[in-house]
A.B. asks: 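Quick one: structure below, then a few questions.
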Amino acid sequence: MTHAIVARQAGGPEVLTYEDIERPVPGPGQLLVKVGAAGVNFIDTYKRSGTYKVPFPFTPGSEAAGTVEAVGDHVTGFVPGDRVATAEGINCYADYALVDEAAALPVPRGLDDLTAAALPLQGITAHYLMNSTFKVEPGHTVLLHAGAGGVGLLLIQLLKARGAEVITTVSTDGKEQLARGAGADHVLRYEGFAERVREITSGTGADVVYDGVGKDTFDGSLAALRVRGMLVLFGAASGPVPPVDPQRLNAGGSLFLTRPTMGHYLRDAAERRWRSGEVFAAAADGSLKVRIGARYPLVQAAQAHRDLEGRKTTGKVILVP
């Protein structure tokens, strides 16, 4: 027997319980990974709460890092003992998790399990946002919400390395210090942020807004854009955005609006290796600093969800079996 976090119905964090389960068995093309650390992400809370429909009983977690314990039939690229990470695992809030070989990312030497588990989802998200959804070039002005969050702290660093001007929003003085430490040029509070962006850009507006907050920031994000700017809505931490009249995009300056999801930016093995390889290499050589903002034992998964949803965390939230 082994252990996992199980939700038997949709609800608040209290539905997450620590239970004995049978150890998973890898099927064809799968790896059995002994989890060293699992990432906690907002998508896990959406699934737990019922916002995203999943079958129950349900074990959250798609992000983890650890060591290959066993492999299923037809696995050719990994052997027991290899270290891997994933953003596309199955039931990762557990001592052991199954990972499809195609979704397994080799972990380079020099990265511990906590750092490797902190990077796949948020690091790859940051990578696709700035390289593919809207390709940021030197001199672009970027507005990024939640600059002290897990994606935010990584994305600020990557944007500055690219040569962009980075404006970000935060909610507290402590979070402002973190965002400035990551390299942000301007750190704003949420109230009146669109007007402040206009002031900073001499009335032009931002080339792109990366918005993972959703409902509470959406209107201001549109208002902060330049003519033909793009709003990249990649999350909904404050709740989903209500239906949008496309005429608003016209009125705002022929704006672009997109709602990306990571799966559409990991279409094949080459794309996975490109994105993860660049992010992991930057972390391994020290040019990308990864902040583990909170670390909880697996049995305290419910508290990790409470703190994440209560905006009490910064950087990456990690569970350790």
Side-chain angles (χ1 to χ4, degrees), residues 42 121-147 149-170 179 182-188 190 192-267 271 274-275 278-279:
F42 270 105
L121 196 150
Q122 293 175 339
I124 289 173
T125 296
H127 188 279
Y128 82 69
L129 288 176
M130 65 177 285
N131 286 290
S132 302
T133 308
F134 179 96
K135 186 169 177 57
V136 175
E137 303 288 358
H140 275 154
T141 298
V142 177
L143 171 60
L144 165 65
H145 290 303
V151 172
L153 290 174
L154 297 175
L155 190 50
I156 289 171
Q157 296 175 72
L158 295 171
L159 288 167
K160 290 307 300 177
R162 181 66 57 82
E165 180 180 24
V166 179
I167 307 169
T168 192
T169 53
V170 298
D185 297 289
H186 308 275
V187 183
L188 312 178
Y190 287 96
F193 71 82
E195 292 79 6
R196 288 286 293 117
V197 171
R198 290 285 175 190
E199 292 172 7
I200 291 167
T201 60
S202 301
T204 301
D207 295 283
V208 61
V209 178
Y210 294 119
D211 188 340
V213 176
K215 177 173 64 68
D216 291 351
T217 52
F218 181 78
D219 290 339
S221 293
L222 285 177
L225 284 167
R226 66 162 173 82
V227 171
R228 301 203 308 266
M230 179 180 287
L231 171 51
V232 180
L233 184 69
F234 69 97
S238 67
V241 172
V244 180
D245 179 356
Q247 182 61 24
R248 290 187 61 187
L249 306 179
N250 174 19
S254 297
L255 304 177
F256 295 87
L257 170 63
T258 184
R259 178 58 173 92
T261 191
M262 188 175 66
H264 296 150
Y265 291 86
L266 298 175
R267 298 296 300 276
E271 195 166 31
W274 168 45
R275 299 194 193 283
E278 289 194 354
V279 172

A.B. asks: Counting N and O atoms only, with roles assigned by atom type, does the side chain of D207 sit under 3.5 Å from a partner on the main chain of V142, one being a donor and the other an acceptor?
C.D. replies: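 Checking the backbone N and O of V142 against the side chain of D207, no donor-acceptor pair under 3.5 Å is found.
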
A.B. asks: Just how far is it from atom CG of L255 to atom CZ of R226, taken to the nearest 0.5 Å?
C.D. replies: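 Going from the CG atom of L255 to the CZ atom of R226 covers 9.5 Å.
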
A.B. asks: Would you find a donor on one side and an acceptor on the other, under 3.5 Å apart, between the side chain of T168 and the backbone of G147?
C.D. replies: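 Checked: pair present.
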
A.B. asks: Taking the side chain as everything from C-beta on, heavy atoms only, tell me whether V209 gets closer than 4.5 Å to V232.
C.D. replies: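 Counting from C-beta outward, V209 and V232 never come under 4.5 Å.
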
A.B. asks: Given 3.5 Å as the limit, does a donor-acceptor pair link the side chain of R198 with the main chain of T204, or not?
C.D. replies: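 Yes: the side chain of R198 pairs with the backbone of T204.
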
A.B. asks: Could you tell me which non-hydrogen atom of A194 sits nearest to which non-hydrogen atom of G220, and how far apart they are?
C.D. replies: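 Between these two residues, the closest heavy atoms are CB-O, 3.5 Å.
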
A.B. asks: Let me confirm one number: the CG-OG distance from L257 to S221, rounded to the nearest 0.5 Å.
C.D. replies: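 Nearest 0.5 Å value for the CG-OG distance: 10.0 Å.
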
A.B. asks: Determine whether a donor-acceptor pair (N or O, by modelled atom type, separation under 3.5 Å) exists between the side chain of Y210 and the backbone of L143.
C.D. replies: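 Such a contact is absent between Y210 side chain and L143 backbone.
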
A.B. asks: Got a sec, which pairs hit salt bridge (Lys or Arg N to Asp or Glu O under 4.0 Å) with one end in residues 208-223, sequence neighbours left out?
C.D. replies: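 Listed by first then second residue: D219-R248.
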
A.B. asks: Hey, are the side chains of M130 and K135 touching, using non-hydrogen atoms and a 4.5 Å cut-off?
C.D. replies: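 Side-chain contact under 4.5 Å: no.
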
A.B. asks: How many angstroms lie between CG in N131 and CG in L158, if you round to the nearest 0.5 Å?
C.D. replies: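 Rounded to the nearest 0.5 Å, the CG-CG separation comes to 8.0 Å.
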
A.B. asks: Indicate yes or no: at least one non-hydrogen side-chain atom of L249 is less than 4.5 angstrom from one of L222.
C.D. replies: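 They are in side-chain contact.
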
A.B. asks: What is the minimum heavy-atom distance between G212 and F234, and which atoms define it?
C.D. replies: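 G212 and F234 have their closest heavy atoms at N-CE2, 3.4 Å.
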
A.B. asks: Are V208 and F256 side-chain neighbours, meaning at least one heavy-atom pair lies under 4.5 Å?
C.D. replies: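 No, too far: nothing below the 4.5 Å cut-off.
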
A.B. asks: Answer yes or no: is there an ion pair linking D185 with K160, defined by an N-O contact shorter than 4.0 Å?
C.D. replies: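 Here D185 pairs with K160 in a salt bridge, since their nearest N and O are under 4.0 Å apart.
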
A.B. asks: Side-chain donor-acceptor pair under 3.5 Å between T133 and Y265, yes or no?
C.D. replies: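 On atom types as modelled, these side chains qualify, holding a pair under 3.5 Å.
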
A.B. asks: So which heavy atom on L144 is nearest to which on G152, and how close?
C.D. replies: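 Between these two residues, the closest heavy atoms are CD2-O, 3.7 Å.
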
A.B. asks: With the side chain counted from C-beta on, respond yes when M230 and T258 share a heavy-atom pair under 4.5 Å apart, and no when they do not.
C.D. replies: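 A side-chain contact exists here, since the closest heavy-atom pair is under 4.5 Å.
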
A.B. asks: Under a 3.5 Å cutoff, is there a donor and acceptor pairing between the side chains of E165 and H140?
C.D. replies: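 Side-chain D/A pair, E165 to H140: absent.
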
A.B. asks: Can we call the ring centroids of F193 and H145 under 6.0 Å apart?
C.D. replies: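 When the ring centroids of F193 and H145 are compared, they turn out to be within the sub-6.0 Å range.
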
A.B. asks: Could you tell me the separation between the CG atom of L266 and the OG1 atom of T261, rounded to the nearest 0.5 Å?
C.D. replies: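 Here the rounded value is 9.5 Å.
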
A.B. asks: If you look at every heavy atom in A146 and V213, which pair is closest and at what distance?
C.D. replies: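 Closest approach of A146 to V213, heavy atoms only: CB-CG2, 4.3 Å.
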
A.B. asks: Main chain of S254, side chain of R228: is a donor-acceptor contact present, judged purely on distance under 3.5 Å?
C.D. replies: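 Checking the backbone N and O of S254 against the side chain of R228, no donor-acceptor pair under 3.5 Å is found.
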
A.B. asks: As a quick check of understanding, evaluate side chain to side chain contact (heavy atoms under 4.5 Å, CB included) for V244 and F218, giving each step before the final call.
C.D. replies: CA-CA 10 Å; V244 180; F218 181 78; 3.6 Å; yes

A.B. asks: Which atom names give the shortest non-hydrogen contact between G214 and V241, and what distance separates them?
C.D. replies: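 Closest approach of G214 to V241, heavy atoms only: C-CG2, 3.7 Å.
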
A.B. asks: Donor-acceptor pair, distance only, cut-off 3.5 Å: does the side chain of E278 make one with the backbone of W274?
C.D. replies: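 No.
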
A.B. asks: Under 3.5 Å, is there a donor-acceptor pair between the side chain of R162 and the main chain of Q157?
C.D. replies: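 Checked: no pair found.
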
A.B. asks: Using 0.5 Å steps for rounding, measure from the NE2 atom of H264 to the CD atom of E271.
C.D. replies: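 The distance works out to 11.0 Å.
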
A.B. asks: With a 4.5 Å cut-off on side-chain heavy atoms, are R275 and S132 touching?
C.D. replies: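 When only atoms from C-beta onward are counted, R275 and S132 do touch, with a gap below 4.5 Å.
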
A.B. asks: Check whether any side-chain heavy atom of F134 sits under 4.5 Å from a side-chain heavy atom of L129, and report yes or no.
C.D. replies: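 Sidechains of L129 and F134: no contact.
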
A.B. asks: Please report the closest heavy-atom contact between V170 and A179, naming both atoms and the distance.
C.D. replies: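 V170 and A179 have their closest heavy atoms at CG1-CB, 4.2 Å.
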
A.B. asks: Check salt bridge (charged side-chain N to carboxylate O under 4.0 Å, His left out) between E199 and all other residues, then give those that pass, not counting sequence neighbours.
C.D. replies: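 Once residues adjacent in sequence are excluded, the partners of E199 under the salt bridge (charged side-chain N to carboxylate O under 4.0 Å, His left out) criterion are R196.
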
A.B. asks: Can you find a pair of side-chain heavy atoms, one from L188 and one from I200, that are under 4.5 Å apart?
C.D. replies: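 Yes, their side chains come closer than 4.5 Å.
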
